[in-house]
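To keep things clear, I will list the structure first and then write my remarks on it.
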Amino acid sequence: QLQLVESGGGLVQPGGSLRLSCATSGFTLDYYAIGWFRQAPGKERLRVSCITSGGNTNYADSVKGRFTISRDNAKNTVYLQMNGLKPEDTAVYYCATDSLGAIVAGAPAYWGQGTQVTVSS
């Protein structure tokens, strides 16, 4: 059974850092793209970043230069390193997988349960 489990969220002060992890199981991560999405209260879920099976990466303009996505296929895990966090980064963060096209379209079929990130002083 395909599963994605996020961890690493929490409360952090503005300017701080967090590293989110997306642990995967039930499929061979090597062959799949992974996307990170976030949803703030009352707002739509938006794609933050994605990484292809070949390691190519893409970022939303709002996080470019601050967030870094990476993957460790041997550990079946994808990471999202978040630096320079701002209050507007507060959201539930989800990882998801499907075809790259589905991820880019914002409609991947497989989602984790999400992890809360709160940026506040």
Side-chain angles (χ1 to χ4, degrees):
Q1 182 180 359
L2 192 153
Q3 285 191 319
L4 303 100
V5 179
E6 303 92 338
S7 62
L11 173 64
V12 63
Q13 292 186 342
S17 298
L18 284 174
R19 187 177 79 157
L20 305 184
S21 298
C22 174
T24 70
S25 61
F27 65 105
T28 303
L29 179 61
D30 305 50
Y31 304 129
Y32 286 83
I34 298 288
W36 280 101
F37 295 77
R38 69 186 181 188
Q39 187 167 24
K43 296 189 177 181
E44 63 178 330
R45 187 157 53 187
L46 298 174
R47 178 168 50 86
V48 173
S49 181
C50 63
I51 186 166
T52 69
S53 58
N56 293 317
T57 60
N58 181 269
Y59 299 92
D61 287 343
S62 59
V63 306
K64 274 181 186 175
R66 300 188 297 122
F67 290 13
T68 303
I69 191 171
S70 62
R71 61 194 296 153
D72 185 337
N73 292 337
K75 294 184 178 179
N76 296 313
T77 302
V78 175
Y79 304 98
L80 186 68
Q81 178 67 43
M82 306 187 296
N83 299 328
L85 283 162
K86 304 175 181 180
E88 51 264 42
D89 294 317
T90 295
V92 178
Y93 284 70
Y94 301 88
C95 61
T97 192
D98 200 330
S99 68
L100 180 60
I103 291 172
V104 169
Y110 306 99
W111 294 85
Q113 82 289 348
T115 186
Q116 176 70 47
V117 171
T118 303
V119 185
S120 175
S121 55

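The model shown is predicted, which means the values in this text are computed figures rather than measured ones. Scope of the values below: all heavy atoms of this structure, side chains included, with no hydrogens, waters or symmetry mates.
Nearest heavy atoms, A40 versus A91: N-CB, 3.8 Å. Scanning both residues, G106 and W111, for their nearest heavy atoms gives O-CZ2, 4.4 Å. A pairwise comparison of heavy atoms in P108 and A96 identifies CG-CB, 3.5 Å as the closest pair. Heavy-atom minimum distance, S17 versus G84: OG-N, 4.4 Å. Considering all non-hydrogen atoms of both residues, S53 and D30 come closest at CB-O, 3.2 Å.
Under the 3.5 Å distance criterion, the side-chain polar atoms of Y59 are matched with a main-chain donor or acceptor of I69. The backbone N or O of T52 lies less than 3.5 Å from a partner atom in the side chain of R71, making a donor-acceptor pair. A donor-acceptor distance shorter than 3.5 angstrom exists from the side chain of S49 to the backbone of N58, with no hydrogens or angles considered. In this structure a side-chain-to-backbone donor-acceptor pair under 3.5 Å is present from E6 to G114.
Salt bridge status for K86 with D89: absent, with no side-chain N to carboxylate O gap under 4.0 Å.
Both L85 and L80 are part of a single hydrophobic cluster, where members link through side-chain heavy atoms under 4.5 Å apart. Taken together through direct or relayed side-chain contacts under 4.5 Å among Ile, Leu, Val, Met, Phe, Trp and Tyr, L20 and V119 form part of one hydrophobic cluster. Placement of Y94 and L100 in two distinct hydrophobic clusters is found when ILVMFWY residues are connected by side-chain heavy-atom separations under 4.5 Å, directly or transitively. Using a 4.5 Å cut-off between side-chain heavy atoms of Ile, Leu, Val, Met, Phe, Trp and Tyr, with links allowed through other members, M82 and V12 fall into the same hydrophobic cluster. Both V63 and I34 sit in one connected hydrophobic cluster of ILVMFWY residues. Membership requires side-chain heavy atoms under 4.5 Å apart, directly or through other members.
T24 has its side chain within reach of C22: a pair of non-hydrogen atoms, C-beta onward, lies under 4.5 Å apart. With contacts defined as side-chain heavy-atom distances shorter than 4.5 Å, the pair L2/T97 qualifies. Counting heavy atoms from C-beta on, the side chains of S62 and R38 come closer than 4.5 Å. The shortest distance between side-chain heavy atoms of F27 and N76 does not fall below 4.5 Å. Side chains of Q116 and L11 form no contact here, defined as non-hydrogen atoms less than 4.5 Å apart. Contact check for I103 versus F37: side-chain heavy atoms found under the 4.5 Å cut-off.
Separation of atoms OG (S7) and CZ (R19) is listed at 9.0 Å; rounding is to 0.5 Å. Atom-to-atom distance recorded for L29:CG and I51:CD1 is 9.0 Å, nearest 0.5 angstrom.
Annotation: Y110, atom OH; neighbour count of heavy atoms from other residues, nucleotides and ligands within 6.0 Å does not exceed 12. Summarising the local packing, OH of Y32 is surrounded by 12 or fewer heavy atoms from other residues, nucleotides or ligands at distances under 6.0 Å.
Taking the centre of each ring, F67 and W36 stay at or above the 6.0 Å mark.
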